[in-house]
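Taking it in order: structure first as structure tokens, then the write-up.
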Number of protein chains: 2
Amino acid sequence: MAKAATVYDVARHAGVSIATVSMAFRRPDRVKESTRDLVFASARALHYVPSASARGLADGRTGVLGLFSFDYFLPSAAPLEPDESCRDFPLYVDEIQRGMELACWQHDYALMIGGPSRAGGTDTVTDIAGHVDGLAVFPQTLPPDALERIAGRIPVVAVSEPPQDDRLSHITVDNRGGMRAVTEHLIRDHARRDLLFVGGLNPAEGRARFAGFRDALRAAGLRVPRKPLVPQTRVTPSGRAAVVLPDDLPMPEAFVCATDDVALDILEILAARGVRVPAEVAVTGFDGIVAGRVARPTLTTVRQPMVEMGRLVVEVLLRHIADPARPPEFCELPVQVVVRESCGC
Amino acid sequence: MAKAATVYDVARHAGVSIATVSMAFRRPDRVKESTRDLVFASARALHYVPSASARGLADGRTGVLGLFSFDYFLPSAAPLEPDESCRDFPLYVDEIQRGMELACWQHDYALMIGGPSRAGGTDTVTDIAGHVDGLAVFPQTLPPDALERIAGRIPVVAVSEPPQDDRLSHITVDNRGGMRAVTEHLIRDHARRDLLFVGGLNPAEGRARFAGFRDALRAAGLRVPRKPLVPQTRVTPSGRAAVVLPDDLPMPEAFVCATDDVALDILEILAARGVRVPAEVAVTGFDGIVAGRVARPTLTTVRQPMVEMGRLVVEVLLRHIADPARPPEFCELPVQVVVRESCGC
DNA sequence: ACCTGCAATCTAAGCGCTTAGATTCAGAAG
DNA sequence: CTTCTGAATCTAAGCGCTTAGATTGCAGGT
């Protein structure tokens, strides 16, 4: 690998100044055609690849958007591989990421993704932030002051519920309405009355979903619980935190779960205990991750428009890059109940 | 968004030189503890986020690896969303990407992904190449001279079969052996004798798989076809190219497909024609993509260790970054037959 | 009191680009 | 002829870091 060619090399080879080389690439219209061809030919001959670092430094933008993804696995996790169940791979974040990819390409941006370094080295978020023109984050996992700091330099949008921190833009979905809708489906179309909500109230998504659950019960004139069942967790061999259910838990008519992840864990537990779903008990989730389509029975859930969310994240970022003075935005997208097998349909 | 703070600002605020600021971050051990704390405090106070461009320029590395992903969709494609079948999202590339992500994080690198710009603007690969210390590509989609050029500046590994272009490292799988194995399963365990191989010979993967198919037939003493059935394609509304089968195609006992994608298309066609799988005809794929687990019947296939491949890609890149003189590597990973419903099991 | 050695810090020279503004030059206008 | 104009190109000043090598100051040795 010979020393990489620079503008200087190309300029010398083409017999022009470095300014002309740069111009030939960035504003081809400002350079006479014959000169331009000459420059391109030299560039090709020298295997010239412009340094994005130099460019970024010189003109203050990088043409890259960032996504700080979180890590669902414990550092010690086994090298996951043959995962028939899709519990490990295309997760919520991955689908959002997909949306961001599509939108980035459309706008001629690249996407940079980082996650908490396993090596435990330096401050990864800041590192990424230094590389990009705008950053998307899933905030639960980040010290708020880091976000604060970064938001002072580039636009940041958080994919999460309520904007406690108002310097950031937020993208979220109608958690409350969605949960109310599935719950009503269970009550109305499957005549379930003894419903158990499973899942924590944290992060804020959980609280909103529980509220939706209660809305539905209240509207149906059923007894409205004060609290959800917040399950214990254990760590699976693949490093995921999986829900466990008390052995003596009285069976409800339906488990209404705060997330698909919880629902799928419960499906597994029930299968292990020989409880038939949906015959004996219904189960519903929230999110619409791929694993819900692979599970048996397939999981009835509330689908977030994840690709769309990713796309929106990018658009919001680009707007703020174009006009840094723009106030933070807050978007709530609609969700959709997806009826599959686990509810009894 | 106030003007972003730089080393100079931090240095002034802390009453030290910029060298000390830089040192405090990069080689904390070389700076007295009290000074370091002072610097960190100032950095925090000023919302300092170091510019990765400046850093990259100064020390010639960026701490980022790149993946040039291809775009499976036509530019005009509808904004894909509610995709119950997983035919659009977690694709082959996405799983490899996942492996790269994990490995990158483990090594304190970030991952940058780019794809052909929809805007049709500048040369995206080169753009990405300029940003990263090493690049992974799926070559079919790239002009070889672009690769050549980039490989002259940074290490490049191609996720693909045979190294015609020996300046690049290659990662691939045992395409021939894997295809032979499923084919033998069909012959041995399901007594199928009239097998039809569907899929093109291009890229090289296809050729190797067809060869494996023929190996199996030959070994079983069956008639060995000279050519595969190379199907026509049509474009789905979501922008994918889908296989079509001639109306008058005589039904074989099994469709042995070069890829899961082809197999899933065929599954769909057969369902539409009322042909029962696997009762009337068996179908197998190759790759092990998620959609194969979601399809009904579930698809018997040959699984590539995609996450592992992604991981390996990263490791090869890092080796070449550490020692640019290292000759290109060529790795072939084993595959695994995954028996599901579509073969008759 | 002076020198040595070492740790802590600083000075200054890039890294490879972009771009404002200066320069050059050919042709048009006077 | 001279002057003016605008296109094409060039000169040079950064952009915000890293780092080799110079400088400083202080503890210890003589």
Side-chain angles (χ1 to χ4, degrees), chain A residues 2-40 42-43 46-64 122 126-127 129-133 153-154, chain B residues 2-40 42-43 46-64 122 126-127 129-133 153-154:
Chain A
K3 192 132 234 69
T6 71
V7 250
Y8 297 98
D9 302 315
V10 177
R12 190 173 332 109
H13 187 277
V16 300
S17 78
I18 59 165
T20 303
V21 175
S22 181
M23 279 298 183
F25 282 102
R26 302 305 151 209
R27 333 283 311 266
D29 51 303
R30 297 233 186 307
V31 174
K32 211 202 322 175
E33 184 173 341
S34 58
T35 318
R36 208 194 308 146
D37 292 345
L38 200 65
V39 170
F40 288 165
S42 298
L46 298 176
H47 292 197
Y48 174 60
V49 177
S51 151
S53 297
R55 176 125 68 102
L57 180 55
D59 76 14
R61 51 164 310 229
T62 63
V64 184
T122 41
T126 306
D127 221 76
H131 275 283
V132 302
D133 295 335
R153 184 193 237 263
I154 52 173
Chain B
K3 192 133 234 67
T6 70
V7 251
Y8 297 97
D9 302 315
V10 177
R12 190 175 331 111
H13 187 278
V16 300
S17 77
I18 60 164
T20 302
V21 175
S22 181
M23 279 297 183
F25 281 102
R26 303 302 153 213
R27 332 285 311 265
D29 51 302
R30 296 236 187 305
V31 174
K32 212 202 323 176
E33 183 172 343
S34 60
T35 318
R36 208 194 307 147
D37 292 346
L38 200 65
V39 169
F40 289 164
S42 299
L46 298 176
H47 292 209
Y48 174 60
V49 177
S51 152
S53 297
R55 178 124 68 98
L57 180 54
D59 75 15
R61 52 165 309 234
T62 63
V64 184
T122 41
T126 306
D127 221 76
H131 275 284
V132 302
D133 296 335
R153 184 191 237 265
I154 52 172

Atom CZ of A:Arg30 to atom P of D:dA7: distance rounded to whole Å?
10 Å
Round to a whole Å and report the spacing from CZ of B:Arg12 to P of C:dC10.
14 Å
Each nucleotide in nucleotides 15-20 of chain D should get exactly one letter: B, S or -. Can you fill that in based on protein heavy atoms under 4.0 Å?
BBBBB-
Under 3.5 Å donor-acceptor pairs involving side-chain atoms of residues 4-11 of chain B, not counting sequence neighbours:
unit_1, atom_1, unit_2, atom_2, d
B:Thr6, OG1, B:Tyr8, N, 3.1
B:Thr6, OG1, B:Asp9, OD2, 3.4
B:Asp9, OD2, B:Thr6, N, 2.8

What pair of heavy atoms forms the shortest contact from A:Ala54 to A:Ser51, and how long is it?
N-OG, 3.0 Å
To the nearest 0.5 Å, what is the distance between [atom1] on [X] and [atom2] on [Y]?
X	Y	atom1	atom2	answer
B:Arg36	B:Met23	CZ	CE	13.0 Å
A:Thr20	A:Phe25	OG1	CZ	12.0 Å
B:Thr126	B:Arg153	OG1	CZ	10.5 Å

Is there side-chain contact between [X] and [Y], with heavy atoms separated by less than 4.5 Å?
X	Y	result
A:Thr62	B:His131	yes
A:Arg55	B:Asp127	yes
A:Val39	A:Val31	no

Angle of first-five versus last-five pair axes in the helix from C:dA1-D:dT30 to C:dG30-D:dC1, to 10 degrees
60°
